[in-house]
Every structure is written in C-alpha cells, then in structure tokens.
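This report refers to the structure that appears directly beneath it.
Letters A, B, ... mirror the listed sequences (proteins, then strands); counts begin at 1.
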Amino acid sequence: MDTYLDKMKNFSPADTMLTGENMGEKRIQLVSDLPIQTALDDNKALTIEVETTINDEAQPRYLMGGSKIGVKRYWLKK
Amino acid sequence: MATISIAGESLLTDNICQGDVFENVRYTYINDIKNDGVEIIEYTFPLAVIVSQACDVISMGDIDINKAGKSTKFMPSILMCPIYKQSDAKYFSHLEDVFKELEIKKMDVKSDTLFNSGEMNIVNRDWHYRFHSLSVKVYKLAEKQSKKIGLIKNLSIDNAIIDFKHYFTVPSSYLIKNRGQRLFRLDDIFAEQITLKFATYLARVAIPD
C-alpha cells in the first residue's frame, strides 16, 4: 500500500489530496511551484500546507433526495 | 471497512454511462388494463445508479441524442439499482409508502430487520451478497484536464447501501432527457465493482427456504 509520501511524490502544484476517513480530513496543498519528486531530486526546499477539518458527526454527508421510495397509483382514461 | 468510491461531477451535456448516479428516478408501469383506461404505478427512487454495461449505455445514449445509430446497438432499457440510507433500509422505513399505497399487508414480526447487526458488519465490510456498502467522494473536474480536484461535500455519500434486489429498468431516453437530475459519475473501477457484484447476486443459485 502506498504511503502518503509515496502518493505525494507525484503531486504537482495546485493538486490537493484528501486523507483520512469519516472522522476527519486533511487537505494538503502544495505551495511550491515544483512537483514534489522534482524538488526532492533537485534538493530544493518545499512548502506544503496542511489544513485539517473535522467532520461534524451529527451531520453525516448524505445526499439530498431523502430515503423513502415515493409511490403513486392512478388511472389514465383512454 | 468498505471501499470509498471516487466520483467526478458530470456535465449536463455528457452522455449517460455506467456508474452515473441520478436522483428522483421515476419507474412507471401499467398495473392493470380495463376498457376505459389503464392503472399506472409510479415509483420515485430517491437515488439510483446505472449498472448496465458502459458500452451498451453509451451506444444507446448516442442513439437517443442523435436519433440515429446502428440497429445492433439498440437497447430498450437501462438497468439501475437504488441507493438507500443504510439506517432507513435496515428497518424498512424506505418501503412504508409502497406497502401502504399498494395495499400490501406487512407480515413482519417485531424483530424483522432488513439486516441484523451481524449482517450490518458484513455489509460494512462489503462482503454482503445482496447489499453493496456505498460511500462516495465526489470531486470537481478541472477544466481542460481530467484531473479531479476539490471535494464536493454536498454530493458525497456516507453510510448508504445499494440494494441489488430492488433493481429496475428505465428507457435510456428518460435518462437522457433528465440529465439535469444526474449528480455524479462513479469512476470506472467503482462502477465496474458494483456491476460485478450485481451480476454475482443475479447469478446466485435459488435454494428453497
């Protein structure tokens, strides 16, 4: 399984990556103007911003539309 | 832990495809025919995913859009499976209106649930033969590239299930005309995963109770 570092090596500027599961997420933004692997190869400095957000468990991310199957029954006259 | 599927937003002009998730899908049929008219039953499924093969769906979508195409590609209807909130489906609350409207007497005993806690664990591990546990993260599509960026939170799904027993079909022309009700498209591998599980469910051997 890829580690986060493995995944991030392929990152390019303006890419974002979400990590974590239902409990929370980390949004990682590469600020450097170089892809991470290039910067590593060239021994250049990198800046990575990590923003962490915690999901509100009381409001799980359900899609709109509700859950009940709607049903109608009617006659169409000829 | 079940897979978290990845999906991308779809554009109004995009053709329909396997893995497209629509909201408020209407499934209508003639229940009775009499001299003076016909009785119509109309279901509205809150969410449903296309499980028909991508090549078939795309070809038929093209025929509907262009009003022209090869006769070998014609397919009258598209297979879909509904997506329910796991918690509602467990206690059949999603079927309440259906039983009432169709005057079906519920024979359940108090302890009947669609799946018990043991089965719930199986569902959540995505090992259940009838249900597919569905969590989806939907991403925006960056312009001029297929790269997906930015999570669209209000479209993402947590703790939902696909019930393979409730499959239904709709004409492709219905889906083409209602592309505005399409929410997102699952990435190929996750759409294929659902179709494969559905095919396995349909192919099971019927054993007497």
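When the shell of 6.0 Å around CZ of B:R26 is examined, it contains 12 or fewer heavy atoms from other residues, nucleotides or ligands. For B:D188, the CG atom sits in a loose shell: 12 or fewer heavy atoms of surrounding residues, nucleotides or ligands are nearer than 6.0 Å.
Between chain A and the residues B:N31, B:T28, B:N35, the most heavy-atom pairs under 4.5 angstrom are made by B:N35. For the set A:K78, A:R73, A:K72, the entry with the most heavy-atom pairs within less than 4.5 Å of chain B is A:R73.
Heavy-atom minimum distance, A:W75 versus B:K34: CH2-CD, 3.6 Å.
When each of B:D36, B:V38, B:I30 is checked for a side-chain contact (heavy atoms from CB on, under 4.5 Å) with A:L76, only B:V38 meets the rule.
With a 4.5 angstrom heavy-atom cutoff, B:Y84 touches chain A only via side-chain atoms.
Heavy-atom proximity under 4.5 angstrom to chain A picks out B:S93, B:H94, B:L95, B:E96, B:D97, B:V98, B:E101, B:L102 from residues 92-102 of chain B.
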